[in-house]
Number of protein chains: 2
Amino acid sequence: MVTPMYRQIAEDLRGQIETGQLAPGGRLPTELELRAKYNNASRNTVRDAIKWLTALGLVATRPGQGTFVVEKIDPFITTLSGDPKTGFGGGEGTRYRSEVSSRKRTPKTSRIRVEIQEAAPEVVEKLGKPSGTVVISRHEKRYLDGTPWSMLTSFYLMDFVTRGAVRLTSPEDIPEGTVQYLADTLGIHQMGYRDWLAVRTPDGNEAEFFRLPPDGRTSIIEISRTAFDGNGQPMRLTVSVYPADRNQFLIDFGQVPEQEKDQET
Amino acid sequence: MVTPMYRQIAEDLRGQIETGQLAPGGRLPTELELRAKYNNASRNTVRDAIKWLTALGLVATRPGQGTFVVEKIDPFITTLSGDPKTGFGGGEGTRYRSEVSSRKRTPKTSRIRVEIQEAAPEVVEKLGKPSGTVVISRHEKRYLDGTPWSMLTSFYLMDFVTRGAVRLTSPEDIPEGTVQYLADTLGIHQMGYRDWLAVRTPDGNEAEFFRLPPDGRTSIIEISRTAFDGNGQPMRLTVSVYPADRNQFLIDFGQVPEQEKDQET
DNA sequence: GCAAATTTGTTCGTATGTATT
DNA sequence: CAATACATACGAACAAATTTG
């Protein structure tokens, strides 16, 4: 079992990165310098080694500049647990803003985009409704310190609007929260929710918005929250997507002491 | 803005995969056939296209056989929420076994490996103890239908053992659960826990055990569970790792109706 | 602001090695 | 053992992005 040369070069560079000889943010030798260093290997072989390290997420190359050791991103931490009756948690509404400011970040939110459409198969399934059901969706993009941080889409039955919850159709923030608004307007009370979490590769939209490298190396964390009313009926679905390279999550159960949320890796 | 040829080829093949012209599990044309098909491109160019699709997780190549469209894995779904006082949830003990059997899978668990050592920095931090603290760790590997599914390591203060919880040192399962055992033996009651979830690239051990492609394409979901006793003191830390390609998670808050757990993507 | 130098990106060709059937 | 198919490695040329003089 021979180890290919490009892997040996990659391993050597990896060692230098992990021991700190090559500091985060620092530049690797150029391809030509690496050629000279490693037994006059071909430029393509050196490039294969760099490609390998790129796939491992250890380095990134910038055309015309060089190859750099990637710097760890200070992750944003979202608490998924919250009061089941308000739904504040998981980056929704007020809870989102307080989490963010406690970490001295500057949040920014896009305008809300409202759409009315027949629900997609995944949506009707999670809402427990027949296919063809019409829903209203509210889509929002979120930034922290100017960095794209998450995208969020909430789906409500169009029925809610016809029964009087007309502000759902307005592309404005609902300051008291949609949960409170639905309780006030329609007497529909959120009693709990189920989060479903999966990790997958980004689609084109997500890669663009989050400015991910187009090679699909950075995964997306998708969290679908189905909220239930007092009758155990699904009342809304919120789908949030987060790039895995800059997001971590906390979930509390039972009695957990208050403490700093600033724990890092 | 020109699109390189290898990307055009990759896009064309990607389209064929997504429209089902190339079925999951099916074999792509050989490199030579692809050469002929795409304007007599060089074999290296065709290989670059395949490399790109590999990075996106759409295909996998097997030496001597060919390149195949990857098949989606039926994901295993773990419920993280559970009774905070037993800690059953998140794949621990009884809950794990019932989850698994409800999905008609065959679970298997490795022997437990017990180690005593000075706690690593991340461990002392999450346990809220000074560095140099001695802990006992219990490590276990889990399989479903013969497929490696998760690895789990629990850390307890060595102090627990000296105070009488000697079965922690035994590489045997503790049938009533360690939470119950600690309550019975030491009167330490688990009142809640905090889960911390992050996604990262696998290390060498993980890649080997989960049989992941060695290029770091499949991410690892790491869930650290810190459990607290009645005084709000951390009493144990459980670190679970799951390969992201075959695991999804559910978390319930408040009142959520019982329902099938077999929801897929 | 422009031109040259530097550095990475793409594409070709060729030869040989290794794994599987 | 032979045929097939992917893996590694070399060399070369030109393109594109960025920095430097």
Side-chain angles (χ1 to χ4, degrees), chain A residues 1-14 17 22 25-70 207 211-217, chain B residues 1-14 17 22 25-70 207 211-217:
Chain A
M1 233 283 280
V2 295
T3 308
M5 193 188 308
Y6 79 96
R7 295 280 289 272
Q8 293 181 40
I9 298 176
E11 277 312 306
D12 187 65
L13 290 170
R14 176 187 212 156
I17 291 169
L22 285 167
R27 214 190 76 171
L28 268 65
T30 68
E31 291 172 351
L32 290 180
E33 287 167 339
L34 289 172
R35 264 199 76 175
K37 186 166 177 182
Y38 293 103
N39 203 33
N40 276 304
S42 157
R43 183 174 162 233
N44 279 327
T45 303
V46 168
R47 282 175 59 76
D48 280 346
I50 290 173
K51 221 175 285 176
W52 187 261
L53 294 174
T54 304
L56 294 175
L58 292 172
V59 304
T61 65
R62 298 204 279 274
Q65 295 186 57
T67 302
F68 300 82
V69 181
V70 298
R211 293 173 209 152
L212 302 178
D215 57 7
R217 213 181 52 255
Chain B
M1 234 284 280
V2 295
T3 308
M5 193 189 308
Y6 78 96
R7 296 280 289 273
Q8 293 182 39
I9 298 175
E11 276 313 305
D12 187 65
L13 290 170
R14 175 187 211 155
I17 292 169
L22 286 167
R27 212 191 79 171
L28 268 65
T30 69
E31 291 173 349
L32 289 180
E33 287 166 339
L34 289 173
R35 263 198 77 174
K37 185 167 178 181
Y38 293 102
N39 204 33
N40 275 304
S42 155
R43 184 174 162 237
N44 280 327
T45 303
V46 168
R47 280 174 60 76
D48 281 346
I50 290 173
K51 220 176 286 177
W52 188 260
L53 294 174
T54 304
L56 293 175
L58 292 172
V59 304
T61 64
R62 299 203 278 275
Q65 296 186 53
T67 302
F68 300 83
V69 182
V70 298
R211 294 171 208 152
L212 303 178
D215 57 8
R217 212 181 53 253

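Each chain gets a letter, A, B and so on, in the order the sequences are listed, and its residues count up from 1.
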What is the distance from CG of B:Asp48 to P of C:dT10, rounded to the nearest Å?
-> 8 Å

Closest nucleotide of DNA chain D for A:Pro63 versus for A:Arg35: which of these residues is on the 5' side?
-> A:Arg35

Round to a whole Å and report the spacing from CD of A:Gln65 to P of C:dT7.
-> 12 Å

Which part of the nucleic acid, if any, lies within contact of A:Arg62, taking any heavy atom under 4.0 Å across all strands shown: a base, the sugar-phosphate backbone alone, or nothing?
-> sugar-phosphate

With respect to the side chain of A:Thr45, which nucleotide from D:dC10, C:dG13, D:dA17 is positioned closest?
-> D:dC10

Flag, side chain of A:Glu31 to backbone of A:Val46, donor-acceptor distance under 3.5 Å | no

A:Met5 side-chain proximity, nearest of C:dG13, D:dC10, C:dT10 = D:dC10

Report yes or no: is there a donor-acceptor pair, N or O only, under 3.5 Å between the side chain of A:Arg47 and the base of D:dA9?
-> no

Between B:Arg14 and B:Leu58, what is the shortest heavy-atom contact and its length?
-> CG-CD1, 3.9 Å

Against the side chain of B:Thr67, the closest entry in C:dT11, D:dC10, D:dC6 is D:dC6

A:Gln8 CD to D:dA7 P: how many Å, rounded?
-> 19 Å

Can you tell me if B:Arg35 uses its side chain to pair, donor with acceptor, with the backbone of B:Ser42 under 3.5 Å?
-> no

Does A:Arg7 reach the main-chain N or O of A:Trp52 with its side chain, forming a donor-acceptor pair under 3.5 Å?
-> no

For C:dT7, does OP1 or OP2 lie under 4.0 Å from any side-chain N or O of A:Thr61?
-> no

How many Å lie between CG on B:Leu34 and C1' on D:dA5, as a whole number?
-> 12 Å

Quickly work out the A:Arg43 CZ to C:dG9 C1' distance and round it to whole Å.
-> 7 Å

Starting from P on D:dT8, measure out to CG on B:Asn44 and report it in whole angstrom.
-> 12 Å

Flag, side chain of A:Arg62 to backbone of A:Phe68, donor-acceptor distance under 3.5 Å = no

Has B:Thr30 got a side-chain N or O lying under 4.0 Å from the OP1 or OP2 atom of D:dT4?
-> no

Length of the line joining A:Glu31:CD and D:dC10:P, which is rounded to integer Å = 14 Å

Rounded interatomic separation in angstrom, taking CD1 from A:Ile50 and P from D:dT8 | 16 Å

